[in-house]
Amino acid sequence: DKNLHLLTPEQVELAKMLLEMGQSHLFQHWAEPGVDDDQKKSFFEQVARLNSSYPGGLASYIKTARGLLADSKAGKNPYDGFTPSVPTGETLTFGDDNFINFEETGIKEARRAAFVLVAGGLGERLGYNGIKVALPAETTTGTCFVQHYIESILALQEASCKLSSGESQTQIPFVIMTSDDTHERTIKLLESNSYFGMQSTQVKLLKQEKVACLDDNDARLAVDPKNKYRIQTKPHGHGDVHALLYSSGLLKVWHDAGLKWVLFFQDTNGLLFKAIPAALGVSASKQYHVNSLAVPRKAKEAIGGITKLSHSDGRTMVINVEYNQLDPLLRATGFPDGDVNCETGYSPFPGNINQLILELGSYIEELTKTGGAITEFVNPKYKDASKTSFKSSTRLECMMQDYPKTLPPSARVGFTVMDAWLAYAPVKNNPEDAAKVPKGNPYHSATSGEMAIYRANSLILKKAGVQVSDPVLQVFNGQEVEVWPRIAWKPKWGLIFSQIKTKVGGNCSISQRSTLAIKGQNIFLENLSLDGALIIDAVNNAEVKVGGSVQNKGWSLEAVDYKDVSEPEVLRIRGFKFNKIEQLEKEYPEPGKFNLTP
Ligand code: UGB
């Protein structure tokens, strides 16, 4: 009360709300008027931010928290009454007619899509010091994740607009959700690289705010241990993306501009865009309101399982069950072995790779009702079995893939299963943890993420008729991986399979020790026999035919120990580097037709 005169009328309202919501402890240690006044003002600035960034405001946050904490204390299972079963979805096989048709439909639809990258996470499991989107997806070209995503979106845009001749050139919107942990560094990365070729106006950053921490079962907000005029905060999870998109007004702008699809994706999957055209084709053909991309999942793999949940009251939904909840749910519902592989060697539940394609019209309709609020959960670490106090403060969390939970039964919710080699190779685990992954399960490390790109590119070229030598097994950072020829190309060279097939002809072969980097759009491999390193770049209106025998000492792979601090961190976390001994490197900066035959 003594400090009331410091506050604006809005701040007085916020103070009243806090007191009404049982938060008087926040003011208990406040100094006399005249002392720390600036800090008191900044306390209320923080409260105003926490209040406005949460759908329904702080009072609603506290109320929800009380309910969820009471449920958690009572040991209530969020899946009570639900029985899991294996759902059916669309299963695609790379390169067959069905796949090719979906890819073509997807390319047509792409100019009516917007892309949303959730990149607010710090990536604690990886332990990398920078932001994850700045990591090279592969080190042959050094292309970082966000560059690869931007180049993929631009390639989709160009291919899609070409198909709809007569219509004006569309710009596919690209949104990046950041957080205080990643925002500044993401801006700096984009600005210092001229947005990797995208118009700066085409990219929008939306920053998620953290949420207030909770000290006890009454949802008393936690005072920051380092500053008594601050509420301690922690990340709320990737589910924030829906409320942010809604409150930004972008959804309406997109809808008015005739867009139809919103595609969500995560920060470090170098394969994803190989799966997007076909998945978008599935959404369009099946008129799905929600389409989640999935891959075959190994039991206990740290990706959620797509599950059909049937309630005793008749409700059913197809939803992601998070990896830490799948095993207990199965055990509680008549599957005594829990999360285990079936006779196929995989879990019967497809693995969620958190790539969602939402139909914009129904998405807006739903968010108009919910404001973008997503079903939350709380995960307190209790001190003891009485569950009366926590080891450390907790907070509410939410996940973007829980969006379908509030949808009406009439919603068309589907999923699309793709080969994991084509669609999913995230970089999430640090070398030590990756080396401990059970044999046969994917490592999800920088090592496996990069090697997966070479494997996918090799398999795609093989399918297109190129003779690609078999891989060898090598161990880097304690992880045994298949090492295929190091093949990398720009998205504009080969976005979908039918396009890639037009770029290779005759009898081409690539040996296992080879490196091939294709950076230009109109580069055609014809009767090329590669045994060494070939790096080739060309402007878009140059057409280059590459053929004949290219043989040189090439780039050899050398192991790097992740503990060796004399090496840069980006190399240490993958456990290898290239020794660039000899290569054929050619650049075509002028338009025209060229032949490269050594
Ligand atoms: N992220 C944010 O933008 N903000 C946040 O507050 C938190 C994260 P993680 P997670 O496909 O491999 C998810 O930490 O959450 C971004 C699915 O829930 O990498 O453990 C962050 O930057 C799971 O079902 O993953 O697991 C990153 O881009 C499974 O699909 C993204 O959110 C798994 O991913 C994911 O964050 C997977």
Side-chain angles (χ1 to χ4, degrees), residues 53-54 115-128 130-135 145-146 149 175-183 185-186 205-211 233-245 263-272 275 292-298 300-307 319-326 339 347 349-356 374-377 379 395-405 415 417-418 420 423-430 433-434 437 441-446 448-449 452:
S53 61
Y54 186 82
F115 284 81
V116 181
L117 165 63
V118 291
L122 251 189
E124 270 117 349
R125 281 192 269 157
L126 182 65
Y128 171 60
I131 50 169
K132 294 213 287 171
V133 293
L135 273 174
F145 281 105
V146 76
Y149 296 148
V175 169
I176 307 177
M177 180 171 82
T178 56
S179 68
D180 278 323
D181 295 327
T182 61
H183 190 73
R185 287 180 286 179
T186 306
L205 267 61
L206 298 178
K207 185 161 77 75
Q208 63 177 143
E209 293 294 334
K210 293 184 178 171
V211 287
T233 59
K234 283 187 183 166
H236 189 221
H238 35 72
D240 278 347
V241 72
H242 302 293
L244 270 177
L245 277 178
L263 290 92
F264 296 84
F265 63 110
Q266 303 193 148
D267 50 17
T268 60
N269 182 5
L271 297 183
L272 181 72
S292 316
L293 250 77
V295 296
R297 172 181 183 276
K298 286 283 186 182
K300 315 225 159 47
E301 195 180 333
I303 65 179
I306 308 261
T307 310
I319 195 87
N320 172 70
V321 175
E322 201 57 346
Y323 43 90
N324 55 344
Q325 290 185 317
L326 189 58
D339 181 14
S347 154
F349 299 94
N352 164 48
I353 64 170
N354 243 13
Q355 153 71 50
L356 309 175
I374 295 299
T375 309
E376 292 163 299
F377 59 96
N379 193 10
R395 84 291 196 179
L396 301 191
E397 293 177 74
C398 63
M399 302 189 293
M400 69 169 168
Q401 67 270 35
D402 279 344
Y403 163 73
K405 281 192 172 163
F415 65 95
V417 184
M418 303 255 191
Y424 188 60
V427 176
K428 298 201 181 206
N429 288 328
N430 61 59
D433 291 342
V437 163
N441 278 24
Y443 299 115
H444 296 174
S445 67
S448 61

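Keep in mind that the numbers below use all heavy atoms, side chains included, and drop hydrogens, waters and symmetry copies. Both counts, for ligands and for their atoms, begin at 1 and track the order of listing.
Of all atoms in ligand 1, listed by their number and element, those nearer than 4.0 Å to a heavy atom of D267 are 21 (C), 22 (O), 27 (C), 28 (O). Heavy-atom contacts of G304 reach the following atoms of ligand 1: 23 (C), 24 (O), 29 (C) (cutoff under 4.0 Å). Listed by number with element, the atoms of ligand 1 under 4.0 angstrom from any heavy atom of G120 are 2 (C), 3 (O), 4 (N), 22 (O). Under a 4.0 Å criterion applied to the non-hydrogen atoms of A119, ligand 1 contributes the atoms 3 (O), 22 (O). Less than 4.0 angstrom separates some heavy atom of P235 from each of these atoms of ligand 1: 6 (O).
The distance from atom CG of L272 to atom CG of L293, rounded to the nearest 0.5 Å, is 7.0 Å. Atoms CD and CG, from E397 and D402 in turn, are 11.5 Å apart once rounded to the nearest 0.5 Å. Taking CG from L326 and CD from E301, the interatomic distance works out to 12.0 Å, rounded to the nearest 0.5 Å. In this structure, T182 OG1 and K132 NZ are separated by 11.0 Å, a value rounded to the nearest 0.5 Å. Note that CE of M177 is 9.0 Å distant from CG of L117, once rounded to the nearest 0.5 Å. For the atom pair CG of L126 and CG of N429, the computed distance is 8.0 Å after rounding to the nearest 0.5 Å.
If you check which protein heavy atom lies closest to atom 1 (N) of ligand 1, you get G121 N, 3.5 Å. Closest protein heavy atom to atom 33 (C) of ligand 1: K428 NZ, 3.5 Å. For atom 26 (O) of ligand 1, the closest non-hydrogen atom of the protein is E322 OE2, 3.7 Å. Scanning the protein for heavy atoms near atom 12 (O) of ligand 1, the closest one is Y424 OH, 2.2 Å. For atom 20 (O) of ligand 1, the closest non-hydrogen atom of the protein is Y323 OH, 2.7 Å. Annotation: atom 16 (C) of ligand 1 to nearest protein heavy atom, V118 O, 3.7 Å.
Heavy atoms of E124 stay at 4.0 angstrom or farther from ligand 1. For F265, the closest heavy-atom approach to ligand 1 does not fall below 4.0 Å. Ligand 1 is approached by R125 to a heavy-atom distance shorter than 4.0 Å. Residue S179 places every heavy atom at 4.0 Å or more from ligand 1.
For ligand 1, none of its N or O atoms has an N or O atom of P426 under 3.5 Å away. For ligand 1, none of its N or O atoms has an N or O atom of M399 under 3.5 Å away. In terms of N/O distances under 3.5 Å, ligand 1 is not approached by H236. Inclusion of M177 in the set of residues having an N or O under 3.5 Å from an N or O of ligand 1 is not warranted.
Proximity of S292 to I306: side-chain heavy atoms (C-beta onward) are separated by under 4.5 Å at one or more points. Proximity of Y424 to L271: side-chain heavy atoms (C-beta onward) are nowhere separated by under 4.5 Å.
Summarising the contacts of atom 31 (C) of ligand 1 with K210, M400, Q266, the nearest heavy atom is found in Q266. By heavy-atom distance, the residue among V211, N352, N354, T178 lying nearest atom 29 (C) of ligand 1 is N352. The closest heavy-atom contact to atom 4 (N) of ligand 1, among the options H238, Q208, Q355, comes from Q208.
A donor-acceptor pair is defined here as one N or O able to donate and one able to accept, closer than 3.5 Å; no such pair exists between the side chain of H236 and the backbone of E209. Counting only distance, with no hydrogens or angles, the side chain of N352 and the backbone of G305 share no donor-acceptor pair below 3.5 Å.
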| request: Would you sort out whether K207 and D180 count as a side-chain contact (heavy atoms from CB on, under 4.5 Å), showing the intermediate values? | output: CA-CA 7 Å; K207 185 161 77 75; D180 278 323; 2.7 Å; yes
| message | Evaluate D433 against K428 for salt bridge (Lys or Arg N to Asp or Glu O under 4.0 Å), listing each step before the verdict. | response | CA-CA 10 Å; D433 291 342; K428 298 201 181 206; over 6 Å; no
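Contact annotation for Q401 and ligand 1: only side-chain heavy atoms (C-beta onward) come within less than 4.0 Å of the ligand. No part of T268 comes within 4.0 Å of ligand 1, judged by heavy-atom distances.
Between N354 and Q401, the side chains place a donor N or O and an acceptor N or O closer than 3.5 Å (distance only, hydrogens not considered).
Here the two rings, on Y149 and F115, have centers that are 6.0 Å apart or farther.
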